[in-house]
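Letters go in sequence order (proteins before strands), and every chain restarts at 1. What you are looking at is a predicted structure, and each value in this text was computed from that prediction instead of being measured.
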Protein chains: 2
Amino acid sequence: MRKRTRDIQKALSESGYRITQSRLAVIEVIMRARHSLSPEEILARARKIEPSVGLATVYRTLDVLHAEGYLERVRIGNKGYTLACEEKSLHFHLICERCRTVIELQSNHSSDALLAQLRAAGFKSRKNAVEIVGLCAKCQSPE
Amino acid sequence: MRKRTRDIQKALSESGYRITQSRLAVIEVIMRARHSLSPEEILARARKIEPSVGLATVYRTLDVLHAEGYLERVRIGNKGYTLACEEKSLHFHLICERCRTVIELQSNHSSDALLAQLRAAGFKSRKNAVEIVGLCAKCQSPE
DNA sequence: CTTCTTATTGAGAATGATTCTCATTAAGCG
DNA sequence: CGCTTAATGAGAATCATTCTCAATAAGAAG
C-alpha cells in the first residue's frame with residue numbers, strides 16, 4: 001500500500017503535477033480503502049492525515065487520478081463513489097450498493113465474448129470496468 | 001407504439017394508478033422516443049401533447065414507470081436519462097454518450113456466462129440491463 | 001538557503017439535477 | 001352528479017459537484 005502511493009506520487013510528479021500534502025493525503029486514503037468511498041468520506045479520512053484539506057481539493061485530486069488512470073468513478077443513486085483500479089483490460093466490477101464492496105471479476109471468456117461483441121458493433125466503451133450495481137451475498141441476507 | 005402506450009395504461013390502471021393526461025403524455029413521449037431522453041427533453045415533448053405538464057410530474061411518472069419495470073434509467077455525466085426497456089433477462093445496453101442511441105445486445109453466451117458468474121458470486125444485480133457507456137461507431141468518426 | 005513563478009489550495013458562492021411542499025385539481029368510484 | 005383522495009404544477013428546498021478568487025506553497029533557479 002505505502003509503496004503504491006509512492007509509485008503514484010512519482011508518476012504524477014513526472015507528469016508535471018506538484019506533490020502537495022493535500023494530494024498525498026487523498027491518495028493515501030484511496031489506496032488504503034477496502035471499498036469505494038464518497039468524496040465526503042475521503043475528505044473525513046484525509047483530514048486525519050492533513051487537517052487542512054478541503055472538499056474541492058478532494059474533487060480535484062479525484063479528477064487528476066481518474067485522468068491518469070488510477071481510479072474508477074461509480075454512481076450509486078445520485079452519489080459519486082471512487083475506487084482504486086488499475087486493471088487495463090475489459091472486466092466486470094460487481095458493486096454492492098449497501099456496503100460498497102467491489103468484487104472484481106477476472107477477465108475471462110464472458111468478458112472476452114463481450115469485447116468481441118463491442119468490436120463487432122464498432123462501439124468504444126468509455127471504461128474498462130463494466131459496473132454492475134446490486135447486492136453482494138452478505139448484504140442480501142436479512143441482517 | 002400507440003398500442004404499447006395503451007398496454008401500459010391498462011397495466012398501471014390495474015395496479016391502482018390513476019391515468020391522468022399528464023401521465024399519458026409522458027408515457028407516449030417515452031414510447032415514441034428512438035433514443036434515451038433527459039427529463040427536460042421529455043418535458044418539452046410532453047408539453048406538445050399536454051401543455052400543462054410540469055417537470056415534477058415528469059420525474060414522478062418516471063419513478064412509477066421504473067418501479068413497474070417499463071424503463072431503465074441511465075446516467076451520463078451528472079444527468080439522468082431514460083429509455084423504454086421491457087427485456088427481462090440479463091443483457092447489455094451499449095449507450096452512446098454523444099447521440100444517446102442505445103444498442104441492445106441480444107442475450108447470448110457472453111451474458112449467460114456473466115449471469116453464471118454472478119450466481120457463483122451470490123451477487124444480485126439491481127438491473128437486468130448492464131449499461132456500457134461510450135461512443136457508437138458513428139459518433140467516433142470525425143464529424 | 002532564499003527568491004521567484006505559478007500551480008494549487010481552502011472557503012464559500014454558484015450551479016444544476018432532483019426532490020419536496022402544499023394548496024389546488026381532477027380521476028374514478030358510487 | 002358528487003365525494004374522496006391520488007395526483008398535479010409551481011416554486012422552494014436539497015444535495016452533489018463545480019467555480020471563483022485571494023492566499024499559499026511546490027519546485028526550479030540562483
Enumerate all atom pairs, one protein N or O and one N or O from nucleotides 1-5 of chain C, separated by less than 3.5 Å.
none

Inset, instruction - Check whether any side-chain N or O of B:T101 sits under 3.5 Å from a backbone N or O of B:C96 as a donor-acceptor pair, and report yes or no. - result: no
Inset, instruction - Would you mind telling me which residue lines up with the more 5' stretch of DNA chain D, B:T61 or A:T20, judged by nearest nucleotide? - result: B:T61
Legend entry - Along DNA chain C (nearest heavy atom to each residue), the more 5'-positioned of A:V58 and B:A56: A:V58
Legend entry - Residues in side-chain contact (heavy atoms from CB on, under 4.5 Å) contact with A:S22, at least two apart in sequence or another chain: A:T20, A:E50, A:V53, A:T57
Legend entry - For B:E68, all residues meeting salt bridge (charged side-chain N to carboxylate O under 4.0 Å, His left out), sequence neighbours excluded: none
Legend entry - B:Q140 side chain to A:G122 backbone, donor-acceptor under 3.5 Å: yes
Inset, instruction - Determine yes or no for a side-chain-to-main-chain donor-acceptor pair under 3.5 angstrom, with B:S15 supplying the side chain and B:A11 the backbone. - result: yes
Inset, instruction - With a 4.0 angstrom cut-off to heavy atoms of chain B, pull out the first and last contacting nucleotide of DNA chain D, in 5'-to-3' order. - result: D:dT5 to D:dT17
Legend entry - A:R18 backbone acceptor or donor facing A:R23 side chain under 3.5 Å: yes
Inset, instruction - Considering non-hydrogen atoms only, spot the tightest contact between B:G77 and A:R75 and give its length. - result: O-NE, 3.8 Å
Legend entry - Residue from A:K48, A:R47, A:R100 passing salt bridge (charged side-chain N to carboxylate O under 4.0 Å, His left out) with A:E41: A:R100
Legend entry - C:dG10 OP1/OP2 closer than 4.0 Å to side-chain N/O of A:R60: no
Inset, instruction - Write down the distance between CG (B:L24) and C1' (C:dA26), rounded to a whole number of angstrom. - result: 13 Å
Inset, instruction - Please report how far the helix from C:dC1-D:dG30 to C:dG30-D:dC1 bends, comparing the axis fitted to its first five pairs with the axis fitted to its last five, to the nearest 10 degrees. - result: 40°
Legend entry - Strand-adjacent residues in residues 38-54 of chain A, judged by heavy atoms under 4.0 Å from DNA chain D: A:P39
Inset, instruction - Would you mind classifying the nucleic acid contact of A:R73 as base, sugar-phosphate or nothing, using non-hydrogen atoms under 4.0 angstrom? - result: nothing
Inset, instruction - Using modelled atom types only, decide if a donor and an acceptor are shared between the side chain of B:K79 and the backbone of B:P39 within a distance under 3.5 Å. - result: no
